[in-house]
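Notes to accompany the following structure.
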Amino acid sequence: MDKTDKIAIAAGNWKMNMLPSEVSTFFNEYMSKANTLEKTIFCVPYIDIPAAISAVKNTPIEIYAQNFYYEPKGAYTGEVSLDMLKDADVTGVVIGHSERRDIFGETNETINKKVLAAKAAGMKIILCVGESEHTREINAHHAWIEYQVLSALEGITDTKDIIIAYEPIWAIGTGKTASAEDAQDMCKFIDYVLHKYYNSFEAVPILYGGSVNEKNAAELFAQSSIDGGLVGGASLVAEKFAQIRNA
Ligand code: PGA
């Protein structure tokens with residue numbers, strides 16, 4: 001995406017962390033330390049949604065869900081629908097995170113169904129893609145990412161409100177951040193793939209994710225093809241995430 005607007009997108013992914021009773025204290029501290037509340041997203045556990053929505057009321061901060069089921073309603077014990085999330089004022093969803101692919105067996109087909117359902121429901125989307133260490137070692141990472149992006153977006157007729165997060169699996173939660181050059185190379189490649197197949201569509205912001213922290217964020221966000229970060233561990237500490245926001 002062309003970087004005319006220099007504010008990076010800072011998206012926090014709390015994963016299965018943060019008690020509902022901790023949410024309001026977190027946001028009080030975060031908001032007192034962040035220089036701007038623009039272009040900021042928190043992807044929170046379902047149970048934290050009401051507290052998070054209430055804490056960010058009247059601010060530009062957006063609350064996304066980390067998951068949902070793509071069917072509209074019915075006998076799906078344990079699942080949450082897009083309509084339920086919308087009714088709770090959630091504006092977006094994460095789809096295709098490597099933890100959902102690897103631990104919960106989500107396939108490219110499931111991910112495509114989720115993308116189509118979220119799009120039809122008018123939900124914003126952070127679509128995650130990323131290669132394993134082995135895929136990178138055998139130098140198949142570009143082809144792998146191209147396949148993940150294209151299969152997730154199959155049937156999509158516009159890319160409005162879609163963000164893609166490039167998250168190499170070997171960098172997630174490991175402290176092993178991709179170098180700024182490698183992250184830039186892959187985000188640029190995703191941009192190229194999108195241009196090749198969806199030339200007439202709206203530009204898609206591309207985030208880097210994988211051990212982003214308050215020390216490496218500025219260098220990563222300064223890369224011309226990186227529009228921001230999807231941040232796991234460091235988004236749980238208000239002060240650290242504010243420093244990333246301010247990078
Ligand atoms: P991490 O997680 O920042 O803890 O590596 C990133 C993610 O999984 O989105």
Side-chain angles (χ1 to χ4, degrees), residues 8-18 22 26 30 34 39-46 48-49 52 61-68 90 92-106 110-111 114-115 118 124-133 135-136 141 144-145 148-149 152 162-180 182-184 186-187 190 204-223 226-247:
I9 296 170
N13 174 13
W14 285 351
K15 310 192 178 185
M16 198 173 74
N17 299 291
M18 195 74 76
E22 296 170 332
F26 173 91
Y30 175 72
K39 291 189 151 189
T40 306
I41 298 166
F42 285 90
C43 309
V44 310
Y46 292 139
D48 290 347
I49 288 171
I61 297 178
E62 288 190 85
I63 301 301
Y64 281 26
Q66 297 172 8
N67 191 26
F68 64 96
V90 168
V93 287
V94 182
I95 302 177
H97 192 280
S98 66
E99 285 150 20
R100 297 233 43 100
R101 295 178 192 255
D102 295 347
I103 305 171
F104 301 101
E106 292 197 12
T110 323
I111 288 158
K114 288 185 157 191
V115 168
K124 298 181 183 179
I125 294 168
I126 296 179
L127 168 67
C128 303
V129 295
E131 81 284 359
S132 67
E133 196 150 36
T135 303
R136 181 164 277 264
H141 46 296
W144 179 268
I145 295 298
Q148 279 193 331
V149 169
I162 296 180
I163 293 173
I164 293 184
Y166 166 64
E167 299 205 302
I169 299 169
W170 44 272
I172 295 180
T174 56
K176 247 167 91 178
T177 322
S179 68
D182 283 346
Q184 160 66 18
M186 292 309 284
C187 291
I190 292 170
V204 172
I206 299 169
L207 313 182
Y208 166 77
S211 298
V212 175
N213 60 39
E214 67 288 5
K215 296 188 188 83
N216 58 28
E219 189 191 5
L220 288 161
F221 295 177
Q223 304 302 311
I226 300 180
D227 300 304
L230 181 57
V231 185
S235 74
L236 293 166
V237 182
E239 172 147 26
K240 283 191 187 175
F241 194 63
Q243 283 175 36
I244 292 170
R245 164 67 295 164
N246 299 342

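Note that ligands are numbered from 1 as they come in the structure, with each ligand's atoms numbered from 1 the same way.
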Original post:
Which atoms of ligand 1 have any heavy atom of Asn13 under 4.0 Å away?
Top reply: 9 (O)
Original post:
For atom 2 (O) of ligand 1, what is the nearest protein heavy atom, given as residue, atom name and distance?
Top reply: Lys15 NZ, 3.2 Å
**OP:** Return yes when Gly210 approaches ligand 1 closer than 4.0 angstrom through a heavy atom, no otherwise.
**Re:** yes
Subject >> Flag side-chain contact, heavy atom, 4.5 Å: Val212 against Leu230 >> reply: no
**OP:** Look at the side chain of Glu106 and the backbone N and O of Gly96, then say whether any donor-acceptor pair between them is shorter than 3.5 Å.
**Re:** no
**OP:** Ignoring hydrogens and angles, tell me if any N or O in the side chain of Asp227 forms a donor-acceptor pair with the backbone of Ile206 under 3.5 Å.
**Re:** yes
Original post:
Gly173 to ligand 1: N or O pair under 3.5 Å?
Top reply: yes
Original post:
With a cut-off of 4.0 Å, which atoms of ligand 1 are near a heavy atom of His97?
Top reply: 7 (C), 8 (O), 9 (O)
**OP:** Would you confirm whether Trp14, through its side chain, and Ser235, through its main-chain N or O, come within 3.5 Å as a donor-acceptor pair?
**Re:** yes
**OP:** Can you label the angle between the Tyr30 ring and the Phe42 ring as parallel, tilted or perpendicular, going by 30° and 60°?
**Re:** perpendicular
Original post:
Which atom names give the shortest non-hydrogen contact between Val94 and Cys128, and what distance separates them?
Top reply: CG1-SG, 3.8 Å
Subject >> Ala171 near ligand 1 by a heavy-atom separation under 4.0 Å >> reply: yes
Original post:
Judged by atom type as modelled, is there a donor-acceptor pair below 3.5 Å linking the side chain of Glu62 to the main-chain atoms of Ile41?
Top reply: no
Original post:
Quick check: does any side chain N or O of Tyr46 sit under 3.5 Å from a backbone N or O of Phe68, one acting as donor and the other as acceptor?
Top reply: yes
Original post:
Does Ser211 come within less than 4.0 Å of ligand 1, judged by its heavy atoms?
Top reply: yes
Original post:
With a cut-off of 4.0 Å, which atoms of ligand 1 are near a heavy atom of Gly233?
Top reply: 1 (P), 3 (O), 4 (O)
Original post:
If you measure every N/O of Gly232 against every N/O of ligand 1, is any gap under 3.5 Å?
Top reply: yes
Subject >> Within reach of ligand 1, part of Ile172 (heavy-atom separation under 4.0 Å) >> reply: both
Original post:
What are the atoms of ligand 1, with element, lying closer than 4.0 Å to any heavy atom of Glu167?
Top reply: 6 (C), 7 (C), 8 (O), 9 (O)
